[in-house]
Amino acid sequence: MNKTILITGATSGIGKATAEFLASQGARLILCGRRQERLDALKEELPTEVHTLNFDVRNRAAVFEAIDSLPDAFTPIDVLINNAGNAHGLDDVVGADLDDWDAMIDGNVKGVMYVTKAILPQMTERKKGHIINIGSIAGFEVYPKGNVYCASKFAIDAFTKGLRIDLNPYGIRVGAINPGLVETEFSEVRFKGDEDRAASVYSKLDALQAEDIANTILFMIHAPEHVTLADITILPTAQANATVLNKRV
Ligand code: NDP
Ligand code: 8X3
């Protein structure tokens, strides 16, 4: 695949699986995250050209510095995959920690906006490009104690739709993929390293795997230029919506 693709949150889960699939198809990859050792390992093992960028998406100046630092061989970017993000805590609004709320709004919302704004000139100047945002079923339905995580993903749904409108004159494709339960490091982060609690989220059902989402992202990228996969919701078969799960007894 003769495309240069930037993936945020490539050190784990959905982002890492997507990097592996795209590398096997020969895409040039810009892999981003905060854990440099994981980025180094990916660069070493993936069978394609890889450039790594270490920055926190919450840090506006760092985002712009990182994108400005890209070598010529990795510009212009053809596809931006805004994947970095996490839930922090699962608490009602009374008991929730404001630091968790800051982390989710700053990372899941403002981070996506900063990275998009930093890369956008590479697409608007050429009137060509593709932006794929990772939303969530939590961006359509609020579940108990989901409050601010859900708000952050509702914001991604609105931002995706706004991008699609504003970038329409430029011929830039904009889409979102909105998964239900995907078994990644997501719940370990949400529950601050409590592995048993994290595992219980995915127990007694066949959760989505990161590779299921990566496959769907590839499908979106491979669609012909005149086709935009605008919004794809993808759930485990055992999940009917944000709250209804068919767990094995
Ligand atoms: P993981 O925890 O496995 O991966 C999260 C990735 O995001 C990591 O690579 C992490 O990298 C990166 N990241 C998180 N915060 C920051 C930050 N502030 N700056 C830079 N990078 C950051 O989770 P998933 O793969 O599951 O999550 C990927 C996306 O999918 C998220 O947006 C999540 O909300 C969404 N999603 C997940 C679902 C699930 O059930 N797992 C369902 C629906 C949506 P590092 O720590 O190295 O910076
Ligand atoms: C992640 C899915 O349901 O855990 O966005 O919020 S959920």
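All ligand and atom numbering here is 1-based and tracks the order in the structure.
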Scan side-chain atoms only and decide if Asp231 and Thr233 contain a donor-acceptor pair under the 3.5 Å cut-off.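 No, no side-chain donor-acceptor contact under 3.5 Å.
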Checking side-chain polar atoms at under 3.5 Å, does Arg28 have a donor or acceptor matched by the opposite partner on Asn2?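 Side-chain D/A pair, Arg28 to Asn2: present.
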Closest to [atom] (judged by heavy-atom distance), picking from [options]:
atom	options	result
atom 42 (C) of ligand 1	Ala62, Gly180, Ala87	Gly180
atom 39 (C) of ligand 1	Asn178, Val182, Asn108	Val182
atom 21 (N) of ligand 1	Ala84, Gly135, Ser152, Ala103	Ala84
atom 31 (C) of ligand 1	Thr18, Leu208, Ile137, Asn83	Asn83
atom 27 (O) of ligand 1	Gly85, Gly107, Gly13	Gly85

Could you pull out the N/O contacts under 3.5 angstrom between ligand 2 and the surrounding protein atoms?
unit_1	atom_1	unit_2	atom_2	d
ligand 2	5 (O)	Ser136	OG	2.6
ligand 2	5 (O)	Tyr149	OH	2.6
ligand 2	6 (O)	Tyr143	OH	2.5

Region of Ala10 that comes within reach of ligand 1 [heavy atoms, distance under 4.0 Å]: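 Under 4.0 Å from ligand 1, Ala10 contributes backbone atoms alone.
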Residue portion contacting ligand 1 (non-hydrogen atoms closer than 4.0 Å) for Lys153: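 Answer for Lys153: side chain.
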Give yes or no for whether the N/O distance cutoff of 3.5 Å, strictly under, is met between [X] and ligand 1.
X	result
Val189	no
Val57	yes
Ser136	no
Tyr202	no

When you compare the side chain of [Y] with that of [X], does any pair of heavy atoms fall below 4.5 Å?
X	Y	answer
Ile119	Ile131	no
Asp97	Asp91	no
Leu235	Ile137	yes
Leu80	Gln122	no

Closest approach of [X] and [Y], non-hydrogen atoms and distance?
X	Y	value
Gly180	Gln239	CA-OE1, 3.4 Å
Gly89	Lys192	N-NZ, 4.0 Å
Phe21	Asn215	CE2-OD1, 3.6 Å
Lys145	Leu90	O-CD1, 3.5 Å
Gly33	Leu39	O-CD1, 3.7 Å
Lys247	Val201	NZ-O, 3.2 Å

Taking only heavy atoms of [X] into account, list the atoms of ligand 1 that are under 4.0 Å away from them.
X	value
Glu185	2 (O), 3 (O)
Leu181	40 (O)
Gly33	48 (O)
Tyr149	33 (C), 34 (O), 36 (N), 44 (C)
Gly9	6 (C), 7 (O), 8 (C), 9 (O), 12 (C)
Arg58	18 (N)

Residue and atom name of the nearest protein heavy atom (relative to [atom]), distance in Å to one decimal:
atom	result
atom 2 (O) of ligand 1	Asn86 ND2, 3.0 Å
atom 37 (C) of ligand 1	Phe186 CD1, 3.9 Å
atom 1 (P) of ligand 1	Ser12 OG, 3.5 Å
atom 11 (O) of ligand 1	Thr11 OG1, 2.9 Å
atom 43 (C) of ligand 1	Pro179 O, 3.3 Å
atom 26 (O) of ligand 1	Thr184 OG1, 2.6 Å
atom 46 (O) of ligand 1	Arg34 NH2, 3.0 Å
atom 18 (N) of ligand 1	Asp56 OD1, 2.9 Å

Is the shortest distance from a Lys or Arg side-chain nitrogen in Arg248 or Asp206 to a carboxylate oxygen in the other one below 4.0 Å?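 Asp206 and Arg248: salt-bridged.
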Atom [atom1] of [X]: over 12 foreign heavy atoms under 6.0 Å:
X	atom1	answer
Glu44	CD	no
Glu45	CD	yes
Arg38	CZ	yes

Determine, using ring centers only, whether Tyr149 and Phe186 are less than 6.0 Å apart.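 Phe186 vs Tyr149: aromatic centres under 6.0 Å.
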Check whether any heavy atom of Gly111 sits under 4.0 Å from an atom of ligand 1.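 Heavy atoms of Gly111 never come under 4.0 Å of ligand 1.
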Heavy atom of Thr8, distance to ligand 1 below 4.0 Å: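 So Thr8 does not count as touching ligand 1.
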Check the pair Lys161, Asp157 against salt bridge (charged side-chain N to carboxylate O under 4.0 Å, His left out), reporting the backbone distance first and the verdict last. CA-CA 6 Å; Lys161 288 172 174 154; Asp157 180 46; 3.0 Å; yes
Asp78 pairs by salt bridge (charged side-chain N to carboxylate O under 4.0 Å, His left out) with which of Arg126, Lys3, Arg173?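 The single option meeting the salt bridge (charged side-chain N to carboxylate O under 4.0 Å, His left out) with Asp78 is Arg126.
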